[in-house]
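Below is one structure; the comments refer to it alone.
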Amino acid sequence: MEHHVKDPNLVKQGRQRIEWAEIEMPVLRSIRERLTRERPLAGLRIAACLHVTTETAALMRTLVAGGAQLRLCASNPLSTQDDVAAALVEEQTAVFAVKGEDRNTYYRHINQALDIKPHLTMDDGADLVSTIHSTRQELLKEVIAGTEETTTGVIRLRAMARDGALKYPMVAVNDAKTKHLFDNRYGTGQSTIDGLLRATNLLLAGKTLVICGYGSCGRGLASRARGMGAQVIVTEVSPLHALEAVMEGYQVLPMLEAAR
Ligand SMILES: NC(=O)c1ccc[n+]([C@@H]2O[C@H](COP(=O)([O-])OP(=O)(O)OC[C@H]3O[C@@H](n4cnc5c(N)ncnc54)[C@H](O)[C@@H]3O)[C@@H](O)[C@H]2O)c1
């Protein structure tokens, strides 16, 4: 099976981490039981471009249980968990993702995922959709539909749909209220802090943190940063969201002043 991951020796660790994540994913587990029985995806080819992490691995296992044939590449060159990628390959899911891959490799991997000639695409940032619509248009005739995960991707797709440029229907996963709640507000609220702390090893208490945008992610991040003792400044273009931030007790400033 064609694939490209960093190190096949990481399988055991990857598998353990996927199993740990699955313990916390009861909804997906119950969907998997149904898909295993009904096999509704038998005969379908799926290209997925998502964060190659434990949670995505649980999703990939579920799709395979439903009968799908899969190829997975990264939607971000930095979020790939190499051990998880190795574990998926061991289970016969074709993964094309290496943490820290350069730009050329990133786009090569996207094209390798698309080489499966997908019936369905799964995006987190619209990379598959935009590659298919620009350089791989020959694939359009077989694509039935796709999913888009994130706010920015959905904004791009809505613009394409308005211009009549979007050639197949998409499910905007980001519009699901639970997606906003779990992923954007609480998930990104926590993981952004995690990333900042791992990268800088700084004490957050007493620091001033500027958050650009008080939407779903911004709210989650603001409340967590405040909880850890940071002074939070919000910048906003929406007067309503700016007002909400003020009412929550944050300082709201124009970016030029906040940056200072
Ligand atoms: N990495 C991840 O796992 C992950 C997860 C979820 C969302 N995201 C991304 O995070 C971003 C925010 O997502 P969201 O769901 O919070 O979006 P949102 O639409 O809920 O919020 C965005 C906010 O930014 C404000 N804004 C827009 N332009 C601004 C500007 N120039 N200055 C200040 N404020 C501005 C908007 O008024 C809005 O309040 C998106 O790019 C989304 O794709 C990433």
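We count ligands from 1, going down the list as the structure has it; atoms in each ligand are counted the same way.
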Numbering as shown, the atoms of ligand 1 that approach [X] to under 4.0 Å (heavy-atom distance):
X      : value
Thr152 : 40 (C), 41 (O), 42 (C), 43 (O)
His241 : 38 (C), 39 (O)
Ser238 : 37 (O)
Cys212 : 32 (N), 33 (C)

Tell me which protein heavy atom sits closest to [atom], plus the residue, atom name and distance to 0.1 Å.
atom                    : result
atom 12 (C) of ligand 1 : Cys217 SG, 4.0 Å
atom 22 (C) of ligand 1 : Gly215 CA, 4.2 Å
atom 1 (N) of ligand 1  : His51 NE2, 4.1 Å
atom 24 (O) of ligand 1 : Gly213 CA, 3.4 Å

Judged on heavy-atom distance to [atom], which of [options] sits nearest?
atom                    : options                        : answer
atom 20 (O) of ligand 1 : Ser216, Gly189, Ala245, Gly187 : Ser216
atom 15 (O) of ligand 1 : Ile155, Val237, Asn184, Thr188 : Asn184
atom 13 (O) of ligand 1 : Thr235, Asp183, Thr151, Thr192 : Thr151

Run the salt-bridge test on [X] and [Y] with the 4.0 Å N-O cut-off and return the result as yes or no.
X      : Y      : value
Glu138 : Arg136 : yes
Glu2   : Arg71  : yes
Arg156 : Glu148 : no
Glu22  : Arg61  : yes

Backbone or side-chain N or O of Asn174 under 3.5 Å from ligand 1 N or O: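 No; every N/O pair is 3.5 Å or more apart.
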Quick check: Thr150 and ligand 1, any N/O pair under 3.5 Å apart?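 It does: an N or O of Thr150 is found under 3.5 Å from an N or O of ligand 1.
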Could you tell me whether Leu256 atom CG has more than 12 heavy atoms of other residues or ligands within 6.0 Å of it?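 No - once you tally the heavy atoms of other residues, nucleotides and ligands closer than 6.0 Å, there are 12 at most.
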Find out whether Lys167 and Gln137 are in side-chain contact, i.e. whether some heavy atom of one side chain is under 4.5 Å from a heavy atom of the other.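 They are not in side-chain contact.
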Can you tell me which residue among Leu209, Leu197, Leu203 is in a side-chain contact (heavy atoms from CB on, under 4.5 Å) with Met228?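 Exactly one option meets the side-chain contact (heavy atoms from CB on, under 4.5 Å) with Met228, and it is Leu197.
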Check the orientation of His109 and His4. Use parallel for under 30°, tilted for 30 to 60°, and perpendicular for over 60°.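 Because their plane-to-plane angle is over 60°, the rings of His109 and His4 count as perpendicular.
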Please walk me through it: do His133 and Tyr168 pass ring-ring contact (aromatic ring centres under 6.0 Å, His included)? CA-CA 10 Å; His133 282 71; Tyr168 60 88; 5.7 Å; yes
Mind checking whether Glu236 contacts ligand 1 via backbone (N, CA, C, O), side chain (CB onward), both or neither, at a 4.0 Å heavy-atom cut-off?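 It is both parts that get close, each with some atom under 4.0 Å.
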